[in-house]
Amino acid sequence: QVQLVESGGGLVQAGDSLRLSCAASERAFSSRAMGWFRQAPGKERVFVSAISRSGSMTYYADSVKGRFTISRDNAKNTVSLQMNSLEPEDTAVYYCAAGAPGLTMSRNLYDYWGQGTQVTVSS
């Protein structure tokens, strides 16, 4: 099976920045769009951002647009999420997802998921 591994989470103060990374298997990474989702305690997993196979197209949830930037490096089989101006409401477990046919915010269209990395933003 395809394995996705997230890293870069941590505890930061409001206004700080973090950069999350996700590593995937070579063939799965290059063949599909990828995305980031997050899940806060007691809430459903929600869409954050997605990026096309080539990296030329991106899509963001309104809550993070202008603050977060998604990117991918197909040569290294990695996707990243640069998070700036973090707020306490950004606190959640962040998940990398792969295998979608294209840019989408629908969880059920992604075939593979990482284990998640915790991001905690203090006020």
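FYI, side chains are in, hydrogens and waters are out, and symmetry mates aren't considered; it's all heavy atoms of this structure.
- The same ILVMFWY cluster, assembled from side-chain heavy atoms under 4.5 Å apart, contains both Met105 and Trp113.
- In this structure, the side chain of Arg45 does not engage the main chain of Arg107 through any donor-acceptor pair within 3.5 Å.
- Trp36 is listed as a side-chain neighbour of Val79, based on a closest heavy-atom distance under 4.5 Å.
- Separation of atoms CG (Leu18) and CG (Leu81) is listed at 10.0 Å; rounding is to 0.5 Å.
- The shortest non-hydrogen separation linking Arg32 to Arg53 is C-CG, 3.5 Å.
- Leu86 places a side-chain heavy atom less than 4.5 Å from the side chain of Phe68.
- For Phe47, the ring pair (Phe, Tyr, Trp, His ring centres under 6.0 Å) partners two or more places apart in sequence, or in a different chain, are Phe37, Tyr59.
- For the residue pair Ala92 and Ala40, the shortest heavy atom distance occurs at CB-N, 3.8 Å.
- With sequence neighbours excluded, no residue forms a side-chain hydrogen bond (donor to acceptor under 3.5 Å, both in side chains) with Ser63.
- In this structure, Arg72 contributes its side chain and Ser52 its backbone to a donor-acceptor pair below 3.5 Å.
- In terms of heavy-atom proximity, Gly35 sits nearest to Tyr110 at N-CE2, 3.7 Å.
- You'll find the side chain of Leu4 reaches within 4.5 Å of the side chain of Met34, heavy atoms only.
- By the 4.5 Å heavy-atom criterion applied to side chains, Ser71 and Arg19 are counted as neighbours.
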Enumerate donor-acceptor pairs with a distance under 3.5 Å from any side-chain N or O in residues 5-16 to protein atoms, sequence neighbours excluded.
{"from": "Glu6", "atom 1": "OE1", "to": "Gln115", "atom 2": "N", "distance (Å)": "3.0"}
{"from": "Glu6", "atom 1": "OE1", "to": "Gln115", "atom 2": "NE2", "distance (Å)": "3.4"}
{"from": "Glu6", "atom 1": "OE1", "to": "Gly116", "atom 2": "N", "distance (Å)": "2.9"}
{"from": "Glu6", "atom 1": "OE2", "to": "Cys96", "atom 2": "N", "distance (Å)": "2.7"}
{"from": "Glu6", "atom 1": "OE2", "to": "Gly116", "atom 2": "N", "distance (Å)": "3.3"}
{"from": "Asp16", "atom 1": "OD2", "to": "Gln13", "atom 2": "N", "distance (Å)": "3.2"}

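- For the pair Ser17/Met83, no side-chain contact is recorded, criterion being any heavy-atom separation below 4.5 Å from C-beta on.
- Across Thr104 and Ala100, no two heavy atoms sit closer than the pair CG2-CB, 3.7 Å.
- Note that NZ of Lys43 is 9.0 Å distant from CZ of Arg38, once rounded to the nearest 0.5 Å.
- Here CZ of Arg67 is found 4.0 Å from CG of Asp90. Values are rounded to the nearest 0.5 Å.
- Here CG of Leu20 is found 10.5 Å from CD1 of Ile70. Values are rounded to the nearest 0.5 Å.
- Thr120 and Gln118 share a side-chain donor-acceptor pair at under 3.5 Å.
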